[in-house]
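In what follows, a structure is listed as structure tokens, so that the remarks can point back to it.
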Amino acid sequence: MQTLPTIQDLPQIHHLIDGQLVAGGTRQADVFNPATGQAEKRVLLADKLTVEQAIASAHAAYPAWRNTPPLKRARVMSKLKVLLEENADAICALVTAEHGKVLSDSMGELQRGIENVEYASYAPELLKGEHSKNVGPNIDSWSEFQALGVTAGITPFNFPVMVPLWMWPMAVACGNTFILKPSERDPSSTLLVAELALQAGLPPGVLNVVHGDKEAVDTLLTDPRVKAVSFVGSTPIAQYIYSTGCAHGKRVQALGGAKNHAVVMPDADIANAVNALMGAAYGSCGERCMAIPLVVAVGDATADAVVAGLKVEIAKMKVGPGTNAACDMGPLVTKAHFDKVKGYVDQGVKEGATLVVDGRGISVPGHENGYFLGACLFDNVKPGMVTYQEEIFGPVLGVVRVKTLQEAMEMIDAHEYGNGTCIFTRDGEAARFFSDHIQVGMVGINVPLPVPVAYHSFGGWKRSLFGDLHAYGPDAVRFYTKRKTITQRWPSAGVREGAVFSFPSSR
Ligand code: NAD
């Protein structure tokens, strides 16, 4: 009989502080393989003292890094891009082993992350500032964008590679130092990427990784040496991060949860819309903040056609371990999350939605203890139902039936979240009206997952984002820098001017 390793035998995931892998903190948490249900590693949970060591390291590294020419900082990003490409298989294997998503999806996440590294390598161009000559007699003025100091990021489980790469590459390319607190549920790939950054030439202390939970996060939120915090995760925690960080005088951007609606108009190409919805609803097991968990079908005939099409496609889907290239969908991330998502399906049935496809109770041969839930499809979901209102973050798609586009838009606007939305239609006027007026931050027109590319910025509206600036892209340059405006005059030798008591102007 095979003997399972005891908890003491499991490999430990360490913190990365001052360029070294170190222990720190007395608490640990299991890291599971969701396809098997087995704990395979233990992650150390940093205590306050450990986080303070990371902050001290970042604080000490800051002056030299701030004064490193932007082009030299950018070259580290260019080297990192190459290392990420060379190590793609190893990184994605770790993502799939701890998150559960299929390998092709891990590759997609890594590629999107690499694009952010690539954009950060343009930092010298992005930091050039603004200059005006002769704003007054012999007076020139310019604005420059200076680093903030020690900055920090707190990231969720669902994109352990991509979301950290939204943050720290641009932060450090702008001259800051950084402390990253990744999700404790799947931290290995995040740590490997940070180790590659050191290999690419990032000096010790410029990027530190501390694993942990609330104790680590609270230390980052309250320490006066940390000047700015980026957060991505669920809305209740985002709100907490925003209010606590702001109360401690920090610049904060906190991206939260989502419940994205896809509108299908009667004139849409239904077959294409159905295919798009399949990937958007069930890709990554629905564990994406840009996933589509709700279809708003305009007209009963549209709804009937969409539901019929989805039923056919769901029947073809293969659910199994993410390492099997034939599988479309892997397991949910943890047993607790599996139970929560299954509970939402039970709730939907109780609330009176029609469960057209029931993915509960599937079993994957050889992976009986994995956290697998098959695709679930509800029809007749209605606003007011918990299934409609709350973020489920699983492979559960609900169809809501409405009569008009206006009714669909009122429903979307009334929802607490405003991360992403999309419309499927052949009517340009309807699409234009929708994208112009809908109260949502990212909009797709016949595009189900309108995730902006690295040189645009990412962010939702309403309770999907607390703060003013969006993540990555041009907004990240603004978030991780302070504008300073300098006005200068060099009076000619020998010219003496009298005191002026009126407010300086060019009148
Ligand atoms: P989460 O909010 O549970 O955790 C996010 C981070 O916060 C983790 O690092 C975690 O350790 C930390 N954290 C958790 N509880 C905390 C507490 N009480 N105090 C301080 N820190 C705490 O989110 P998750 O389950 O890891 O990720 C899924 C959520 O993230 C979903 O709601 C999803 O919509 C959201 N998300 C949003 C975006 C976006 O761009 N808007 C992107 C990805 C994920």
Side-chain angles (χ1 to χ4, degrees), residues 27 29 31 34 43-46 48 51 98-101 109 112-113 116 152-167 179-187 190-191 209-222 229-245 252-260 284-293 332-334 336-338 340-341 344 390-394 416-421 440-442 449-452 457-467 469-473 475-476:
R27 294 179 303 124
V31 177
V43 60
L44 305 175
L45 301 176
K48 189 170 191 287
V51 180
E98 294 180 2
H99 175 285
K101 63 177 77 174
E109 142 162 32
R112 279 298 189 108
N116 282 277
I154 299 145
T155 53
F157 80 85
N158 66 323
F159 285 108
V161 169
M162 181 184 75
V163 170
L165 290 175
W166 286 0
M167 300 177 179
I179 298 156
L180 176 64
K181 206 302 284 171
S183 172
E184 64 278 30
R185 288 185 250 175
D186 51 6
T190 324
L191 184 62
V209 181
V210 288
H211 304 290
D213 52 14
K214 185 169 166 48
E215 182 174 350
V217 171
D218 284 348
T219 308
L220 292 170
L221 289 176
T222 52
V229 176
S230 298
F231 172 87
V232 176
S234 59
T235 286
I237 309 297
Q239 193 163 9
Y240 168 75
I241 301 282
Y242 187 73
S243 55
T244 311
V252 185
Q253 57 177 183
L255 283 70
K259 187 88 176 181
N260 307 316
S284 201
C285 218
E287 293 169 319
R288 291 180 182 144
C289 69
M290 290 295 277
I292 292 288
L332 287 158
V333 66
T334 56
H337 191 55
F338 171 88
K340 190 174 163 193
V341 174
Y344 274 116
E390 295 187 8
E391 181 180 43
I392 298 176
F393 225 54
E416 67 168 312
Y417 296 123
N419 212 42
T421 187
V440 174
M442 292 170 283
L449 296 177
V451 178
S457 296
F458 179 109
W461 287 9
K462 297 186 275 184
R463 286 172 57 74
S464 291
L465 189 149
F466 301 86
L469 290 168
H470 288 195
Y472 68 79
D475 271 18

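As the structure lists them, so they are numbered: ligands from 1, and atoms in each ligand from 1.
What sits closest to atom 39 (C) of ligand 1 on the protein, heavy atoms only, is C289 SG, 3.3 Å. For atom 26 (O) of ligand 1, the closest non-hydrogen atom on the protein side is F157 N, 3.0 Å. Atom 15 (N) of ligand 1 has I237 CD1, 3.6 Å as its closest protein atom, hydrogens excluded (heavy atom only). Considering only non-hydrogen protein atoms, atom 7 (O) of ligand 1 sits nearest to F231 CE1, 3.3 Å. At the shortest separation from atom 35 (C) of ligand 1 among protein heavy atoms lies G233 O, 3.1 Å. Among protein heavy atoms, atom 40 (O) of ligand 1 sits closest to F458 CE2, 3.0 Å. The protein heavy atom nearest to atom 31 (C) of ligand 1 is E391 OE1, 3.5 Å. In terms of protein heavy-atom proximity, atom 8 (C) of ligand 1 is nearest to T155 O, 3.2 Å.
Aromatic ring pairs are classed by plane angle as parallel below 30°, tilted from 30° to 60° and perpendicular above 60°; the pair Y472 and F458 is tilted. Between Y242 and F466, the ring planes lie tilted relative to each other; the angle falls in the 30° to 60° range.
Side-chain atoms of N419 come within 3.5 Å of backbone atoms of C289 as a donor-acceptor pair (strictly under, hydrogens ignored). A side-chain donor-acceptor contact under 3.5 Å links E109 to the backbone of M162. Checked by atom type and distance alone, the side chain of R288 never pairs as donor or acceptor with a backbone atom of L449 at under 3.5 Å. Side chain of T235 to main chain of G257: a donor-acceptor pair is present (N/O by atom type, distance under 3.5 Å, no hydrogens or angles). With N260 contributing its side chain and I292 its backbone, the two residues share no donor-acceptor pair below 3.5 Å.
Within the 4.5 Å cutoff, the side chain of V31 has heavy atoms near those of the P187 side chain.
Every atom of ligand 1 with a heavy atom of K181 under 4.0 Å away is listed here by number and element: 8 (C), 9 (O), 10 (C), 11 (O). Each of the atoms 6 (C), 7 (O), 9 (O) of ligand 1 lies under 4.0 Å from some heavy atom of I154. Under a 4.0 Å criterion applied to the non-hydrogen atoms of W166, ligand 1 contributes the atoms 40 (O).
Within the 4.0 Å heavy-atom criterion, the part of N419 lying near ligand 1 is the side chain and not the backbone. For R288, no heavy-atom contact with ligand 1 is shorter than 4.0 Å. Of the heavy atoms in Y417, none comes closer than 4.0 Å to ligand 1. Neither the backbone nor the side chain of E287 comes within 4.0 Å of ligand 1, counting heavy atoms alone.
Taking a 4.0 Å cut-off on heavy atoms, V163 fails to register as neighbouring ligand 1.
Atom NZ of K48 sits in a sparse spot, with 12 or fewer heavy atoms from other residues, nucleotides or ligands closer than 6.0 Å.
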*side-chain contact (heavy atoms from CB on, under 4.5 Å) assessment of T190 paired with V161*: CA-CA 5 Å; T190 324; V161 169; 5.8 Å; no
_K259/E391 under salt bridge (charged side-chain N to carboxylate O under 4.0 Å, His left out): CA gap, chis, key distance, verdict_ = CA-CA 6 Å; K259 187 88 176 181; E391 181 180 43; over 6 Å; no
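No N or O atom of S464 sits closer than 3.5 Å to an N or O atom of ligand 1. Taking any N or O of E184, backbone or side chain, at least one lies under 3.5 Å from an N or O belonging to ligand 1. Note: no N/O pair closer than 3.5 Å links N158 and ligand 1 by distance alone. An N or O contact shorter than 3.5 Å links R185 to ligand 1 by distance.
Of the charged side-chain nitrogens involved, none lies within less than 4.0 Å of a carboxylate oxygen, so that K181 and D213 do not count as a salt-bridged pair.
Atom OG in S284 sits 4.0 Å away from atom NE2 in H99 (nearest 0.5 Å).
The closest non-hydrogen atom to atom 2 (O) of ligand 1, taken over G256, S234, G460, comes from S234.
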